[in-house]
Undergrad: 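One structure follows; several queries about it will come next.
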Number of protein chains: 2
Amino acid sequence: MNLKQLSHMLALSQTTVSRALNGYPEVNEETRRRVMDAAKRHGYRPNPSARRLATGKTGMIGYVLPTGAAVEIDPHFVEFLSGLGDYARSHELDLVLSPADADDQETTYRRIVANRQVDAVYISSPRPVDRRVALLNTLGIPFIVHGRSEGFGFDYPFTDIDNEGAFHEAARLLIQLGHRRLALINGDDRETFAIHRERGMRRALTASGLTLGERHICSVTMTEENGYRAARRLLEQSEPPTAIACSSLIMALGVVRAVRDLGLTIPGDLSLIAHDDVFPWLRPENFSVPLSTTRSSIRLAGARVAERLAARISGLEEGARGEVWPVDLVVRGSVAGAPV
Amino acid sequence: MNLKQLSHMLALSQTTVSRALNGYPEVNEETRRRVMDAAKRHGYRPNPSARRLATGKTGMIGYVLPTGAAVEIDPHFVEFLSGLGDYARSHELDLVLSPADADDQETTYRRIVANRQVDAVYISSPRPVDRRVALLNTLGIPFIVHGRSEGFGFDYPFTDIDNEGAFHEAARLLIQLGHRRLALINGDDRETFAIHRERGMRRALTASGLTLGERHICSVTMTEENGYRAARRLLEQSEPPTAIACSSLIMALGVVRAVRDLGLTIPGDLSLIAHDDVFPWLRPENFSVPLSTTRSSIRLAGARVAERLAARISGLEEGARGEVWPVDLVVRGSVAGAPV
DNA sequence: CGAAAAGACCAAAGCGCTTTGGAAGACTCT
DNA sequence: AGAGTCTTCCAAAGCGCTTTGGTCTTTTCG
């Protein structure tokens, strides 16, 4: 059932039927009802390929997926995706993932824009002065950054959490509890979120006349193993930290294992706070010692990004508004006063 | 730069240029070279929307993503996706995720087929007599099932691992080590993979005159917490198992925690084998006691599924061939002889 | 040598929608 | 009553590609 058949059946022109269906004003309300009715009854659905060719609109949002043998898409992505899907579903938006060589994403971005394959895209895990942001800005396709980039000569729309504030609060709490030697096990420090977390922590330390020495900071891919290694390195120093802030729950698993291997205890010998993106399959309250966290649902962020993309596509949102979500600090058993 | 311009520039018809570019035989080789050359020089790329409308081919593969507040997409998905992306990238295939209400995926499948939104789709986490398989079979779109379904009046193409064989081997090993009371912490037993694993284990037990009692089997969503709970339930019985087979590494984390909470040890009091899908961020060799596993890379499976989909799209693969990959049994420190 | 076959190319008709540029009739207003 | 204005609808021209159904020229072969 296509437009031609439908309009013939209604003894109307394709023009009128098309307009009736798409809510244009220049059509009699009575006629519109008739059309709507017939369309529903016959299950007419406009062919998206045809519509695409005519309008350029695709009803899809895009994401360039970095791939390659050495590239690991981490589990955060899937949780973000869930949120995105939650929103997208109710708006019949599809998501297209375009796999790209991790070292040359630009080609793919250019392709999907030139080909008009999607109406909007989002970017995740941005770095400071991220080339993708600059690129999309010049290409002129609607986009949202999940996270933040910095230091451009222009503004851009983003949705981010207050990583700096979160880790500032976490560090402040630890300091209040008497800790003097804090350490940070961070994610990849080429990414903005990691830089912000470090900055937040440093700010809290400085305010109390403390510092975050080179020896007390690690920056690694967020795997269990790297968490373990980092913790061992930190704790086997001559002056080990008495508290650690950790950028992910998965790494925190490794930290806990290291602590145990070294015959230490949490929170007796070490206080631990980790960032929790809220995975359904790994909860901080279920750690052997319930884990204190800075918490922010990455799933909700996904839904929000989808919502904003939809708004931008339909022209409801414009400009470069950035939003920063606060992060909860949730205190559980893994923090205590510094050992004497 | 579109076809019209290009052909005008070459003083050829659109027909000839199109055919030259698409490798049709009825064009002079000399002419073809000229065309190819000009196309490359001017960076001509056929507009996919137009091509789509004309041919119905999209260059995309589809996946219906179940969503909803209660639905958790698990981390296996992202790893599978990585593999899919690895292959898809080299073939300029994109992947479109269509979010659907988890309870009504059929509507979405019908939509993407009716609209010709993708050239092929894949299905994951199939159940026995999975309605999606039956549906896609009647809808007549190329598809591959990742996993297996059972009991149709027709065959279908799938790529699966030998779940039954894997858990059969695992159980056999445990029995050889003298264990008599085995337990299984399984995934959702409405899914085929879980049924196969149980079947494999049962087969091994039966062969030795043993059984898998109702009290020794759990079937839960694969989260850390559920692993913990299941293990507690099993181990606090009057006649607790001396060995557990577990369907995922994430649940195994919970098992290890439970064992520790109960003051038991691995492998002294309990032998543990888990299935490992090979996540880069959580490795069995890094468990406090290195974990024995049945291992099969889900990422490789993703690449294979993409490859087969591509083959089916281009007509290189036909029929209902199913393939079953063997699973490695990797023995590490978490298994030992049964306690006396 | 003449007929048939093969080779190389093209004009034009789709694919199914949106949108432009009217046109016809009804209504208002002076 | 005639000019102007709405309201409501339509024919046809795109969007940029593929493909059908030729035509014209050259080659092959009995």
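Every chain is numbered from 1 and lettered A, B, ... according to where its sequence line falls, protein lines coming before strand lines.
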Undergrad: So A/Ala11, base contact, sugar-phosphate only, or nothing? Heavy-atom distance under 4.0 Å.
TA: sugar-phosphate

Undergrad: Are any of the side-chain nitrogens in A/Arg52 or A/Asp119 under 4.0 Å away from the carboxylate oxygens of its partner?
TA: no

Undergrad: Could you tell me how far apart A/Asn28 (CG) and C/dG25 (P) are, to the nearest whole angstrom?
TA: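 The answer, rounded to whole Å, is 17 Å.
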
Undergrad: On the nucleotide C/dT18, are OP1 or OP2 found under 4.0 Å from the side-chain N or O atoms that A/Thr55 carries?
TA: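 Checking C/dT18 against A/Thr55, no side-chain N or O comes under 4.0 Å of OP1 or OP2.
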
Undergrad: Any ion pair linking B/Glu92 and B/Arg45 (charged N to carboxylate O, less than 4.0 Å)?
TA: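 So B/Arg45 pairs with B/Glu92 through a salt bridge.
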
Undergrad: What is the distance, rounded to the nearest whole Å, between atom CZ of B/Arg51 and atom C1' of D/dT18?
TA: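 About 9 Å, once rounded to whole Å.
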
Undergrad: Let me have the donor-acceptor pairs involving side chains of residues 19-26 of chain A, under 3.5 Å, with sequence neighbours excluded, atom names and distances please.
TA:
from    : atom 1 : to      : atom 2 : distance (Å)
A/Asn22 : OD1    : A/Arg51 : NH2    : 3.2
A/Asn22 : ND2    : A/Ser18 : O      : 3.2

Undergrad: So does B/Asp86 pair up with B/Arg299, basic N to acidic O under 4.0 Å?
TA: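 Result for this pair is yes, salt bridge flagged.
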
Undergrad: Taking only N and O in the side chain of A/Thr31, is any of them less than 4.0 Å away from OP1 or OP2 of D/dC9?
TA: yes

Undergrad: Checking all strands, does B/Arg19 fall into the base, sugar-phosphate, or nothing category for heavy-atom contacts under 4.0 angstrom?
TA: base

Undergrad: Base, sugar-phosphate, or nothing: which does A/Thr15 touch, judged by heavy atoms less than 4.0 Å apart?
TA: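 The answer is base, as A/Thr15 lies within the cut-off (heavy atoms under 4.0 Å) of a base atom.
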
Undergrad: Could you pick out which residue, B/Glu26 or A/Asn2, lies toward the 5' side of DNA chain C when each is mapped onto its nearest nucleotide?
TA: B/Glu26

Undergrad: A/Asn47 or B/Leu12: which one's nearest nucleotide on DNA chain C is closer to the 5' end?
TA: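 Nearer the 5' end of the strand: B/Leu12.
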
Undergrad: Tell me: CG of A/Asn115 to P of D/dC17, nearest whole Å?
TA: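 Between P of D/dC17 and CG of A/Asn115: 10 Å.
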
Undergrad: Using OP1 and OP2 only, check whether a side-chain N or O of A/Asn22 sits under 4.0 Å from C/dT18.
TA: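 For C/dT18, OP1 or OP2 has a side-chain N or O of A/Asn22 closer than 4.0 Å.
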
Undergrad: Would you please confirm or rule out a distance under 4.0 Å between OP1 or OP2 of D/dA11 and any side-chain N or O of A/Ser13?
TA: no

Undergrad: May I ask you to verify if any side-chain N or O of A/Tyr24 is less than 4.0 angstrom from the OP1 or OP2 atom of C/dT19?
TA: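 It does, given that an N or O in the side chain of A/Tyr24 lies less than 4.0 Å from OP1 or OP2 of C/dT19.
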
